[in-house]
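To keep things clear, I will list the structure first and then write my remarks on it.
Numbers here simply count residues along the sequence, with the first being 1. We use all heavy atoms of the structure for the numbers below, so side chains are in, but hydrogens, waters and symmetry mates are not. Because the structure is a prediction, the values reported are computed rather than measured.
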Amino acid sequence: MHKLSIAQRAYIAGFLDGDGSIYVRLKPNKTYHYFYQVAPNIVFFQSKKERRVLEYLQRITGAGYLRDRKDNIVEYTIGDVESIKSLIKATLPYLYLKKRQAKLMLKILRKKQSIKTAAQFIELAFLIDQFGQLNYSKRRVNIGTSVGRALKAEGKLTP
């Protein structure tokens, strides 16, 4: 993540509050130790007509990628953990609407680093479920309980 001026930090925070999203998903993946991949993201959205704004954000942060959707929206996604942590720390004082999501994201990323047991992973899953209450997702499914069932069925969780 590039060094950002105070004005750039405030601008990014305002953009994130208005046209952005902070979230973490648990994606089923049998190749992972606990059968789920923790996938954190910060995403900014804009009409294709204003793509240059997202290109500017990408240029000043030095992170993430742009993706054109079929509905004439461009997404700017930051998905690597270090860039997410840096961006949140840089913008946190200026966030208003997404401040709780940003703090939750940092908490989840810290907890993820210290996971040593299936029970701790389930705790992480329930923490991730909290994004369902904070974000305006129509498709979000709380999966802490299903993670617990899957880990128990595979013998990773002791009764």
- Task: Classify the angle between the aromatic ring planes of Y56 and Y11 as parallel (below 30°), tilted (30 to 60°) or perpendicular (above 60°).
- Result: perpendicular
Using side-chain heavy atoms (C-beta onward) and a distance below 4.5 Å, is [X] in contact with [Y]?
X	Y	value
V74	R67	no
I84	L87	no
D68	R51	yes

What pair of heavy atoms forms the shortest contact from [X] to [Y], and how long is it?
X	Y	value
I128	V24	CG2-O, 3.4 Å
L92	A102	CD1-CB, 3.7 Å
T31	N29	OG1-OD1, 2.5 Å
F15	F45	CE2-O, 3.9 Å

- Pair R52 + E55, salt bridge at N-O below 4.0 Å: no
- NZ/NE/NH1/NH2 to OD/OE distance under 4.0 Å, D17 and K99: no
- Message: Are Y94 and L4 linked, directly or through intermediate hydrophobic residues, by side-chain heavy-atom contacts shorter than 4.5 Å (ILVMFWY only)?
- Response: no
- Message: Check for me, please, whether I122 and Y32 land in the same ILVMFWY cluster - side-chain distances under 4.5 Å, paths through other members count.
- Response: no
Identify each donor-acceptor pair in which a side-chain atom of residues 104-112 lies under 3.5 Å from a protein atom, sequence neighbours left out, and give them as a table.
unit_1	atom_1	unit_2	atom_2	d
K111	NZ	E123	OE1	3.1

Indicate yes or no for a side-chain donor-acceptor contact from [X] to the backbone of [Y] under 3.5 Å, with no hydrogens or angles considered.
X	Y	answer
K98	S21	no
Q58	L54	no
N41	Y23	no
E50	S47	no

- Message: I'd like to know whether Q113 forms a side chain to side chain contact (heavy atoms under 4.5 Å, CB included) with V81, so could you lay out the CA-CA distance, the side-chain angles of the two residues, the decisive distance to 0.1 Å, and finally the verdict.
- Response: CA-CA 11 Å; Q113 290 178 312; V81 171; 5.7 Å; no
- Task: Check step by step if side chain to side chain contact (heavy atoms under 4.5 Å, CB included) holds for F44 and L16.
- Result: CA-CA 6 Å; F44 298 87; L16 185 55; 3.7 Å; yes
- Looking at T61, I78, I88, which one forms a side-chain contact (heavy atoms from CB on, under 4.5 Å) with S83? I78
- Gap between atom OH of Y36 and atom NZ of K30 - 0.5 Å precision: 7.5 Å
- What distance do F121 atom CZ and F126 atom CZ have between them, rounded to the nearest 0.5 Å? 12.0 Å
- Message: So for atom CZ, which belongs to R100, do other residues, nucleotides or ligands contribute more than 12 heavy atoms lying within a distance under 6.0 Å?
- Response: no
- Does a sphere of radius 6.0 Å around NZ in K103 hold more than 12 heavy atoms from other residues, nucleotides or ligands, not counting ones at 6.0 Å or beyond? no
- Between Q46 and Y76, does a side chain to side chain contact (heavy atoms under 4.5 Å, CB included) hold up when you go through it step by step? CA-CA 8 Å; Q46 200 58 226; Y76 167 43; over 6 Å; no
